[in-house]
Amino acid sequence: MMKAIFHIDVNSAYLSWEAKDRLEKGETLDLRTVPSAVGGDPKKRHGIILAKSLPAKKYGIKTGESLPEAFNKYPGLIVVPPNYGLYMQCSHQMNEIFNQYSPLVQRYSVDESFIDYSNMEHLFGDPLKVAHEIKDRIKNELGFTVSVGVSTNKLLAKMASDLKKPDAVVTLYPEEIPEKMWPLPVGDLFMVGRRTKPKLENLNIETIGDLANTEVELLRNVLKSHGVQIWNYANGIENSEVSGGPREVKGIGNSTTIPYDVHTKEEAYLVLLSLTETVAMRLRAGGFSAGLVSIGIKTSSFFYYSHQRKLEIATDSTQELYEIAKELFEEVWAGEVIRHLGVRVSDLKEGGMRQLTLFEEAGEYQRHQRIDRTIDALRLRYEPTCVFRGCFANTKIKPLQGGVGEEDYPMMSSLL
DNA sequence: TCTGGGGTCCTAGGACCC
DNA sequence: TCTGGGGTCCTAGGACCC
(Lines give C-alpha, C1' and ligand atoms only; values in the text may rest on other atoms or scores of the structure.)
Protein backbone atom coordinates (compact mmCIF):
# COMPACT_ATOMS: atom_id res chain seq x y z
CA MET A 1 0.00 0.00 0.00
CA MET A 2 1.06 3.57 -0.65
CA LYS A 3 2.52 5.68 2.09
CA ALA A 4 1.42 9.18 2.98
CA ILE A 5 4.39 11.34 3.95
CA PHE A 6 4.30 15.03 4.87
CA HIS A 7 7.26 17.38 4.96
CA ILE A 8 6.65 20.62 6.85
CA ASP A 9 9.01 23.55 6.34
CA VAL A 10 8.65 26.85 8.23
CA ASN A 11 8.75 29.77 5.80
CA SER A 12 11.84 31.95 6.50
CA ALA A 13 11.94 30.28 9.91
CA TYR A 14 14.17 32.54 12.02
CA LEU A 15 12.68 35.68 10.53
CA SER A 16 9.06 34.52 10.89
CA TRP A 17 9.66 33.57 14.49
CA GLU A 18 11.25 36.92 15.25
CA ALA A 19 8.35 38.69 13.55
CA LYS A 20 5.62 36.86 15.43
CA ASP A 21 7.45 37.20 18.75
CA ARG A 22 7.79 40.96 18.28
CA LEU A 23 4.11 41.32 17.39
CA GLU A 24 3.17 39.38 20.53
CA LYS A 25 5.32 41.77 22.55
CA GLY A 26 3.35 44.73 21.26
CA GLU A 27 5.43 45.92 18.35
CA THR A 28 3.32 47.16 15.46
CA LEU A 29 5.73 46.46 12.61
CA ASP A 30 5.55 42.95 11.14
CA LEU A 31 9.11 42.22 9.97
CA ARG A 32 7.71 39.89 7.32
CA THR A 33 6.11 42.81 5.48
CA VAL A 34 9.30 44.86 5.00
CA PRO A 35 12.85 44.14 3.76
CA SER A 36 14.37 42.61 6.91
CA ALA A 37 16.73 39.86 8.03
CA VAL A 38 18.12 37.98 11.00
CA GLY A 39 21.88 38.43 11.05
CA GLY A 40 24.95 38.00 13.23
CA ASP A 41 27.08 40.73 14.76
CA PRO A 42 29.66 42.13 12.32
CA LYS A 43 31.75 43.49 15.21
CA LYS A 44 32.29 39.91 16.31
CA ARG A 45 32.96 38.92 12.70
CA HIS A 46 29.72 36.92 12.70
CA GLY A 47 28.03 39.26 10.25
CA ILE A 48 26.11 37.09 7.84
CA ILE A 49 22.45 36.85 6.86
CA LEU A 50 20.82 33.88 8.63
CA ALA A 51 17.29 34.42 7.30
CA LYS A 52 15.51 37.10 5.28
CA SER A 53 11.95 38.25 4.62
CA LEU A 54 10.28 37.82 1.24
CA PRO A 55 10.52 41.57 0.55
CA ALA A 56 14.28 41.37 1.29
CA LYS A 57 14.52 38.45 -1.11
CA LYS A 58 13.03 40.64 -3.83
CA TYR A 59 16.13 42.85 -3.56
CA GLY A 60 18.35 39.84 -4.16
CA ILE A 61 19.42 39.40 -0.55
CA LYS A 62 20.56 35.84 0.10
CA THR A 63 21.08 33.68 3.16
CA GLY A 64 24.79 33.34 3.94
CA GLU A 65 25.99 36.57 2.42
CA SER A 66 27.73 39.23 4.48
CA LEU A 67 25.81 42.15 5.96
CA PRO A 68 27.71 44.75 3.86
CA GLU A 69 26.75 42.83 0.71
CA ALA A 70 23.14 42.86 1.86
CA PHE A 71 23.15 46.57 2.75
CA ASN A 72 24.58 47.27 -0.69
CA LYS A 73 21.51 45.70 -2.22
CA TYR A 74 19.10 47.53 0.07
CA PRO A 75 20.51 50.17 2.46
CA GLY A 76 17.24 50.34 4.44
CA LEU A 77 17.38 46.65 5.39
CA ILE A 78 16.32 46.03 8.99
CA VAL A 79 18.62 43.49 10.64
CA VAL A 80 17.83 41.88 13.99
CA PRO A 81 20.09 39.57 16.04
CA PRO A 82 19.28 35.85 16.37
CA ASN A 83 17.59 34.36 19.44
CA TYR A 84 18.04 30.60 19.35
CA GLY A 85 16.09 29.97 22.53
CA LEU A 86 13.00 31.46 20.90
CA TYR A 87 13.49 29.34 17.79
CA MET A 88 13.75 26.18 19.84
CA GLN A 89 10.54 27.08 21.66
CA CYS A 90 8.61 27.74 18.43
CA SER A 91 9.95 24.50 17.01
CA HIS A 92 8.68 22.55 20.03
CA GLN A 93 5.22 24.10 19.84
CA MET A 94 4.98 23.20 16.18
CA ASN A 95 6.04 19.61 16.75
CA GLU A 96 3.48 19.22 19.51
CA ILE A 97 0.81 19.80 16.89
CA PHE A 98 2.42 17.22 14.59
CA ASN A 99 2.41 14.64 17.37
CA GLN A 100 -1.37 14.88 17.53
CA TYR A 101 -1.67 13.44 14.02
CA SER A 102 0.83 10.58 14.02
CA PRO A 103 3.20 8.77 16.35
CA LEU A 104 5.83 8.86 13.60
CA VAL A 105 7.24 12.39 13.52
CA GLN A 106 10.86 12.93 12.55
CA ARG A 107 12.33 16.27 13.55
CA TYR A 108 14.73 16.82 10.72
CA SER A 109 15.95 20.23 11.88
CA VAL A 110 14.74 23.10 14.02
CA ASP A 111 12.34 24.20 11.27
CA GLU A 112 11.62 21.01 9.30
CA SER A 113 9.81 17.81 10.19
CA PHE A 114 8.56 14.71 8.42
CA ILE A 115 5.28 13.06 9.39
CA ASP A 116 4.36 9.52 8.35
CA TYR A 117 0.59 9.73 8.02
CA SER A 118 0.21 6.25 6.45
CA ASN A 119 -2.78 4.29 7.78
CA MET A 120 -4.03 7.27 9.77
CA GLU A 121 -6.89 8.18 7.41
CA HIS A 122 -9.38 6.35 9.61
CA LEU A 123 -8.58 8.63 12.50
CA PHE A 124 -8.30 12.07 10.97
CA GLY A 125 -9.32 11.74 7.34
CA ASP A 126 -7.84 12.29 3.92
CA PRO A 127 -4.11 13.22 3.86
CA LEU A 128 -4.62 16.38 1.86
CA LYS A 129 -7.34 17.59 4.19
CA VAL A 130 -5.09 16.93 7.20
CA ALA A 131 -2.13 18.68 5.56
CA HIS A 132 -4.27 21.80 5.21
CA GLU A 133 -5.52 21.44 8.75
CA ILE A 134 -1.97 21.26 10.14
CA LYS A 135 -0.84 24.24 8.08
CA ASP A 136 -3.83 26.34 9.20
CA ARG A 137 -3.55 25.36 12.83
CA ILE A 138 0.10 26.48 12.91
CA LYS A 139 -0.84 29.80 11.34
CA ASN A 140 -3.83 30.42 13.63
CA GLU A 141 -2.51 28.99 16.89
CA LEU A 142 1.20 29.82 16.62
CA GLY A 143 1.27 32.85 14.34
CA PHE A 144 3.63 31.76 11.57
CA THR A 145 3.26 30.04 8.21
CA VAL A 146 4.61 26.79 6.81
CA SER A 147 4.74 24.98 3.49
CA VAL A 148 3.60 21.37 3.55
CA GLY A 149 4.77 18.87 0.95
CA VAL A 150 2.68 15.72 0.50
CA SER A 151 3.83 12.55 -1.26
CA THR A 152 4.66 8.88 -0.88
CA ASN A 153 8.27 9.22 0.29
CA LYS A 154 10.43 11.71 2.15
CA LEU A 155 12.40 12.94 -0.85
CA LEU A 156 9.30 13.81 -2.86
CA ALA A 157 7.57 15.35 0.16
CA LYS A 158 10.62 17.52 0.78
CA MET A 159 10.86 18.60 -2.85
CA ALA A 160 7.12 19.35 -2.78
CA SER A 161 7.33 21.70 0.21
CA ASP A 162 9.84 23.77 -1.76
CA LEU A 163 7.47 24.29 -4.69
CA LYS A 164 5.28 26.97 -3.13
CA LYS A 165 5.90 29.50 -0.35
CA PRO A 166 4.56 30.81 1.90
CA ASP A 167 1.54 29.19 3.52
CA ALA A 168 0.90 26.36 1.06
CA VAL A 169 0.14 22.66 0.68
CA VAL A 170 1.66 21.03 -2.42
CA THR A 171 1.52 17.42 -3.58
CA LEU A 172 4.28 15.76 -5.58
CA TYR A 173 3.06 12.23 -6.21
CA PRO A 174 5.20 9.96 -8.40
CA GLU A 175 2.95 10.50 -11.42
CA GLU A 176 3.43 14.28 -11.04
CA ILE A 177 7.24 14.10 -11.23
CA PRO A 178 7.61 14.84 -14.97
CA GLU A 179 5.27 17.80 -14.77
CA LYS A 180 6.28 19.34 -11.41
CA MET A 181 9.89 18.31 -10.69
CA TRP A 182 11.67 17.60 -13.96
CA PRO A 183 11.49 21.16 -15.36
CA LEU A 184 13.37 22.54 -12.31
CA PRO A 185 17.08 23.42 -12.57
CA VAL A 186 19.21 20.48 -11.45
CA GLY A 187 20.62 22.52 -8.55
CA ASP A 188 17.16 22.52 -6.95
CA LEU A 189 17.39 18.78 -6.34
CA PHE A 190 18.18 17.70 -2.79
CA MET A 191 21.87 16.71 -2.59
CA VAL A 192 22.93 18.60 -5.73
CA GLY A 193 25.04 21.36 -4.24
CA ARG A 194 27.34 24.05 -5.60
CA ARG A 195 30.16 21.65 -6.57
CA THR A 196 28.02 18.99 -8.25
CA LYS A 197 25.88 21.40 -10.27
CA PRO A 198 28.72 22.55 -12.60
CA LYS A 199 29.92 18.97 -13.03
CA LEU A 200 26.44 17.99 -14.20
CA GLU A 201 26.21 21.01 -16.48
CA ASN A 202 29.45 19.88 -18.13
CA LEU A 203 27.53 16.73 -19.05
CA ASN A 204 24.75 18.91 -20.51
CA ILE A 205 22.51 18.14 -17.56
CA GLU A 206 20.62 21.36 -16.84
CA THR A 207 17.33 20.20 -15.34
CA ILE A 208 16.27 17.50 -12.91
CA GLY A 209 14.58 15.84 -15.90
CA ASP A 210 17.90 15.75 -17.78
CA LEU A 211 19.47 14.05 -14.76
CA ALA A 212 16.62 11.54 -14.47
CA ASN A 213 17.06 10.53 -18.10
CA THR A 214 20.85 10.19 -18.03
CA GLU A 215 22.47 6.76 -18.11
CA VAL A 216 23.09 5.95 -14.44
CA GLU A 217 26.41 4.23 -15.19
CA LEU A 218 27.75 7.49 -16.63
CA LEU A 219 26.86 9.23 -13.38
CA ARG A 220 28.46 6.46 -11.36
CA ASN A 221 31.69 6.85 -13.31
CA VAL A 222 31.83 10.59 -12.74
CA LEU A 223 30.38 10.96 -9.23
CA LYS A 224 30.67 7.47 -7.69
CA SER A 225 27.91 6.53 -5.26
CA HIS A 226 26.74 10.15 -5.05
CA GLY A 227 25.93 10.01 -8.76
CA VAL A 228 23.70 6.98 -8.25
CA GLN A 229 22.00 8.64 -5.30
CA ILE A 230 21.04 11.83 -7.15
CA TRP A 231 19.91 9.82 -10.17
CA ASN A 232 17.55 7.93 -7.88
CA TYR A 233 16.32 11.19 -6.36
CA ALA A 234 15.74 12.71 -9.80
CA ASN A 235 13.51 9.74 -10.52
CA GLY A 236 11.70 10.05 -7.21
CA ILE A 237 13.24 6.85 -5.85
CA GLU A 238 13.84 6.98 -2.10
CA ASN A 239 12.61 4.64 0.60
CA SER A 240 14.00 5.64 4.00
CA GLU A 241 11.70 5.45 7.01
CA VAL A 242 10.34 8.37 8.95
CA SER A 243 12.21 7.65 12.15
CA GLY A 244 10.43 8.68 15.30
CA GLY A 245 12.75 9.67 18.12
CA PRO A 246 16.10 11.39 17.96
CA ARG A 247 18.88 10.04 15.82
CA GLU A 248 21.96 8.46 17.25
CA VAL A 249 24.64 11.10 17.88
CA LYS A 250 27.86 10.43 15.99
CA GLY A 251 29.98 13.36 17.07
CA ILE A 252 29.95 16.56 19.10
CA GLY A 253 31.80 19.69 18.08
CA ASN A 254 32.03 23.40 18.73
CA SER A 255 33.83 25.98 16.69
CA THR A 256 34.06 29.73 16.70
CA THR A 257 35.21 32.65 14.64
CA ILE A 258 37.25 34.70 17.07
CA PRO A 259 36.33 38.43 17.10
CA TYR A 260 39.97 39.33 16.43
CA ASP A 261 42.94 37.65 14.74
CA VAL A 262 44.92 35.25 16.90
CA HIS A 263 48.69 35.24 16.42
CA THR A 264 50.09 33.29 19.36
CA LYS A 265 49.93 29.74 20.61
CA GLU A 266 48.88 30.93 24.06
CA GLU A 267 45.82 32.78 22.78
CA ALA A 268 44.90 29.81 20.60
CA TYR A 269 45.14 27.48 23.61
CA LEU A 270 42.70 29.66 25.51
CA VAL A 271 40.16 29.43 22.70
CA LEU A 272 40.71 25.68 22.42
CA LEU A 273 40.04 25.35 26.15
CA SER A 274 36.83 27.36 25.97
CA LEU A 275 35.62 25.16 23.12
CA THR A 276 36.71 21.96 24.86
CA GLU A 277 34.81 22.98 28.00
CA THR A 278 31.55 23.10 26.06
CA VAL A 279 32.21 20.03 23.95
CA ALA A 280 33.16 17.99 27.03
CA MET A 281 30.08 19.14 28.96
CA ARG A 282 27.84 18.08 26.09
CA LEU A 283 29.72 14.80 25.84
CA ARG A 284 29.18 14.04 29.53
CA ALA A 285 25.58 15.24 29.42
CA GLY A 286 24.97 12.60 26.75
CA GLY A 287 26.69 9.96 28.87
CA PHE A 288 29.43 9.35 26.31
CA SER A 289 33.16 9.21 26.19
CA ALA A 290 35.12 10.03 23.04
CA GLY A 291 37.51 7.79 21.11
CA LEU A 292 38.61 10.42 18.61
CA VAL A 293 39.52 14.09 18.96
CA SER A 294 40.00 16.53 16.12
CA ILE A 295 40.76 20.21 15.88
CA GLY A 296 40.23 22.55 12.96
CA ILE A 297 41.98 25.79 12.06
CA LYS A 298 40.79 28.49 9.65
CA THR A 299 43.42 31.04 8.79
CA SER A 300 42.83 34.74 8.14
CA SER A 301 42.95 33.92 4.43
CA PHE A 302 40.14 31.39 4.92
CA PHE A 303 42.30 28.34 4.38
CA TYR A 304 40.98 25.50 6.50
CA TYR A 305 42.76 22.40 7.74
CA SER A 306 42.27 19.87 10.49
CA HIS A 307 44.13 17.28 12.49
CA GLN A 308 42.78 14.33 14.42
CA ARG A 309 43.86 11.46 16.62
CA LYS A 310 42.28 8.24 17.69
CA LEU A 311 42.65 7.60 21.41
CA GLU A 312 43.80 4.35 22.91
CA ILE A 313 41.43 4.93 25.80
CA ALA A 314 38.21 6.85 25.36
CA THR A 315 37.70 9.74 27.76
CA ASP A 316 35.17 12.34 28.85
CA SER A 317 37.58 14.43 30.90
CA THR A 318 37.79 18.11 30.02
CA GLN A 319 41.43 18.20 31.05
CA GLU A 320 42.45 15.15 28.99
CA LEU A 321 40.55 16.33 25.93
CA TYR A 322 42.12 19.76 26.27
CA GLU A 323 45.64 18.30 26.52
CA ILE A 324 45.04 16.33 23.31
CA ALA A 325 43.57 19.36 21.54
CA LYS A 326 46.68 21.34 22.45
CA GLU A 327 48.98 18.59 21.15
CA LEU A 328 47.04 18.34 17.92
CA PHE A 329 47.24 22.10 17.46
CA GLU A 330 50.96 22.10 18.18
CA GLU A 331 51.53 19.32 15.65
CA VAL A 332 49.96 21.13 12.69
CA TRP A 333 49.87 24.86 13.24
CA ALA A 334 52.39 26.46 10.90
CA GLY A 335 52.17 29.89 12.48
CA GLU A 336 49.49 31.39 10.20
CA VAL A 337 47.21 34.11 11.52
CA ILE A 338 44.15 32.38 12.94
CA ARG A 339 40.54 33.44 12.36
CA HIS A 340 38.58 30.41 13.53
CA LEU A 341 39.16 27.34 15.71
CA GLY A 342 37.15 24.20 16.28
CA VAL A 343 37.17 21.17 18.58
CA ARG A 344 35.22 18.03 17.79
CA VAL A 345 34.95 14.59 19.38
CA SER A 346 33.59 11.45 17.76
CA ASP A 347 33.87 7.68 17.90
CA LEU A 348 31.52 8.00 20.86
CA LYS A 349 31.21 5.16 23.32
CA GLU A 350 28.28 4.64 25.61
CA GLY A 351 29.11 5.32 29.24
CA GLY A 352 31.25 8.05 30.72
CA MET A 353 33.27 5.68 32.87
CA ARG A 354 36.47 4.33 31.53
CA GLN A 355 38.74 1.49 32.35
CA LEU A 356 41.96 2.44 34.04
CA THR A 357 45.06 1.14 32.38
CA LEU A 358 47.47 -1.06 34.23
CA PHE A 359 50.12 1.62 34.51
CA GLU A 360 47.90 4.53 35.24
CA GLU A 361 47.63 6.19 38.56
CA ALA A 362 44.06 5.70 39.65
CA GLY A 363 44.03 9.05 41.40
CA GLU A 364 44.58 11.43 38.50
CA TYR A 365 41.69 10.47 36.27
CA GLN A 366 39.23 10.13 39.12
CA ARG A 367 40.24 13.50 40.47
CA HIS A 368 39.48 15.08 37.09
CA GLN A 369 36.24 13.17 36.89
CA ARG A 370 35.08 14.51 40.25
CA ILE A 371 35.94 18.06 39.22
CA ASP A 372 34.10 17.69 35.92
CA ARG A 373 30.96 16.30 37.54
CA THR A 374 30.92 18.99 40.18
CA ILE A 375 31.33 21.81 37.69
CA ASP A 376 28.70 20.30 35.37
CA ALA A 377 26.22 20.19 38.24
CA LEU A 378 26.92 23.79 39.25
CA ARG A 379 26.64 25.05 35.68
CA LEU A 380 23.37 23.20 35.22
CA ARG A 381 21.93 24.46 38.47
CA TYR A 382 22.92 28.11 38.13
CA GLU A 383 24.27 29.35 34.83
CA PRO A 384 26.98 27.92 32.59
CA THR A 385 29.37 30.77 33.33
CA CYS A 386 29.09 30.59 37.13
CA VAL A 387 32.31 28.59 37.29
CA PHE A 388 35.22 29.14 34.94
CA ARG A 389 38.92 28.66 34.87
CA GLY A 390 41.16 31.37 36.24
CA CYS A 391 43.22 31.53 33.07
CA PHE A 392 40.35 33.34 31.35
CA ALA A 393 40.45 36.21 33.83
CA ASN A 394 41.69 39.42 32.21
CA THR A 395 41.41 37.97 28.70
CA LYS A 396 39.02 38.79 25.89
CA ILE A 397 38.15 35.13 25.44
CA LYS A 398 34.82 33.89 26.75
CA PRO A 399 35.42 30.91 29.10
CA LEU A 400 32.83 28.76 27.33
CA GLN A 401 32.11 28.82 23.64
CA GLY A 402 29.49 27.13 21.53
CA GLY A 403 26.01 25.91 22.41
CA VAL A 404 25.57 23.83 25.54
CA GLY A 405 23.64 20.59 25.08
CA GLU A 406 20.71 21.71 27.25
CA GLU A 407 18.34 22.65 24.44
CA ASP A 408 19.64 20.04 22.02
CA TYR A 409 17.57 19.19 19.03
CA PRO A 410 18.37 16.75 16.24
CA MET A 411 20.71 18.69 14.00
CA MET A 412 20.21 19.09 10.34
CA SER A 413 21.99 16.64 8.20
CA SER A 414 22.10 15.54 4.63
CA LEU A 415 20.47 12.23 5.49
CA LEU A 416 16.88 11.53 4.69
C1' DT B 1 31.13 46.88 7.30
C1' DC B 2 34.01 41.13 4.52
C1' DT B 3 32.61 35.94 4.29
C1' DG B 4 28.64 31.45 11.05
C1' DG B 5 28.03 27.17 13.32
C1' DG B 6 26.58 22.43 13.82
C1' DG B 7 26.13 18.15 11.74
C1' DT B 8 26.79 13.37 8.46
C1' DC B 9 28.81 10.57 4.99
C1' DC B 10 32.19 9.33 1.32
C1' DT B 11 36.72 8.77 -0.84
C1' DA B 12 41.63 8.47 -1.44
C1' DG B 13 45.99 7.26 0.05
C1' DG B 14 49.31 5.33 3.24
C1' DA B 15 50.57 2.00 6.89
C1' DC B 16 50.48 -2.48 8.21
C1' DC B 17 49.43 -7.39 8.21
C1' DC B 18 48.90 -11.91 6.20
C1' DT C 1 64.49 -13.81 -4.78
C1' DC C 2 62.36 -7.84 -5.86
C1' DT C 3 57.57 -9.18 -7.02
C1' DG C 4 51.83 -9.99 -5.25
C1' DG C 5 47.47 -8.80 -3.72
C1' DG C 6 43.72 -8.41 -0.44
C1' DG C 7 41.91 -6.58 3.81
C1' DT C 8 41.63 -3.31 7.60
C1' DC C 9 42.70 0.75 10.06
C1' DC C 10 43.76 5.52 10.18
C1' DT C 11 43.96 10.36 8.57
C1' DA C 12 42.80 14.36 5.68
C1' DG C 13 39.83 16.55 2.88
C1' DG C 14 35.69 17.37 0.48
C1' DA C 15 30.75 17.13 -0.41
C1' DC C 16 26.19 17.83 1.25
C1' DC C 17 22.40 19.47 4.60
C1' DC C 18 19.98 23.39 7.53
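A note on names: the letters A, B, ... follow the listed sequences, proteins ahead of strands, and every chain is numbered from 1.
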What residues 322-347 of chain A contributes to the DNA chain B interface at heavy-atom separation below 4.0 Å is A:R339, A:H340, A:R344

Side-chain atoms of A:S66 come closest, of B:dT8, B:dG4, B:dT3, to B:dT3

From the options B:dG4, B:dT11, B:dC2, select the nucleotide whose nearest atom is closest to the side chain of A:P68.
-> B:dC2

Without decimals, in angstroms, what is the distance between [X] [atom1] and [N] [atom2]?
| X | N | atom1 | atom2 | value |
| --- | --- | --- | --- | --- |
| A:R194 | C:dC16 | CZ | C1' | 10 Å |
| A:L189 | C:dA15 | CG | P | 18 Å |
| A:K44 | B:dT1 | NZ | P | 15 Å |
| A:Q106 | C:dC17 | CD | C1' | 13 Å |
| A:E238 | C:dC16 | CD | P | 18 Å |
| A:F190 | C:dA15 | CZ | C1' | 12 Å |
| A:I49 | B:dG5 | CD1 | C1' | 16 Å |
| A:Y233 | C:dC16 | OH | P | 13 Å |

Any base atoms under 4.0 Å from [X], or only sugar-phosphate, or nothing? Heavy atoms, all strands.
| X | result |
| --- | --- |
| A:K224 | sugar-phosphate |
| A:K197 | nothing |
| A:G40 | nothing |
| A:T196 | sugar-phosphate |
| A:E112 | sugar-phosphate |
| A:I48 | base |
| A:S294 | nothing |

Tell me, yes or no, whether the heavy-atom count around [X] atom [atom1], taken from other residues, nucleotides or ligands under 6.0 Å, exceeds 12.
| X | atom1 | result |
| --- | --- | --- |
| A:Y260 | OH | yes |
| A:N239 | CG | no |
| A:E266 | CD | yes |

Is [Y] close to [X] at the side-chain level, that is, under 4.5 Å between some pair of heavy atoms?
| X | Y | result |
| --- | --- | --- |
| A:H46 | A:T257 | yes |
| A:I61 | A:P35 | no |
| A:S147 | A:K165 | yes |

Are [X] and [N] close enough that a side-chain N or O sits under 4.0 Å from OP1 or OP2?
| X | N | answer |
| --- | --- | --- |
| A:K250 | B:dC9 | yes |
| A:N254 | B:dG5 | no |
| A:T257 | B:dG5 | yes |
| A:S255 | B:dG6 | yes |
| A:H226 | B:dC9 | no |

When you check the gap from the basic side-chain N to the acidic O, do A:E24 and A:K20 get nearer than 4.0 Å?
-> yes

Do the charged groups of A:E69 and A:K62 touch, with an N to O distance under 4.0 Å?
-> no

Stems of at least 3 consecutive Watson-Crick or G-U wobble pairs (donor-acceptor distances under 3.5 Å) involving DNA chain C, listed by first number, are B:5-18 with C:5-18

For A:P42 and A:G64, take the nucleotide of DNA chain B holding the closest heavy atom to each; which residue's nucleotide lies nearer the 5' end?
-> A:P42

Relative to the 5' end of DNA chain B, which residue comes earlier, A:S225 or A:L275, by the nucleotide with the nearest heavy atom?
-> A:L275

Would you mind listing every ring-ring contact (aromatic ring centres under 6.0 Å, His included) that reaches into residues 201-220 of chain A, with sequence neighbours excluded?
-> none

Applied to residues 139-186 of chain A, the ring-ring contact (aromatic ring centres under 6.0 Å, His included) test, sequence neighbours excluded, yields A:W17-A:F144

Neighbours of DNA chain C within residues 295-312 of chain A, by heavy-atom distance under 4.0 Å = A:Y305, A:S306, A:H307, A:Q308, A:R309, A:K310

Out of curiosity, A:K298 NZ to A:I338 CD1, how far, rounded to the nearest 0.5 Å?
-> 13.0 Å

Of all heavy-atom pairs linking A:E277 and A:T318, the shortest is OE1-CG2, 4.1 Å

Across all chains, not counting sequence neighbours, the salt bridge (Lys or Arg N to Asp or Glu O under 4.0 Å) partners of A:D21 are A:K25

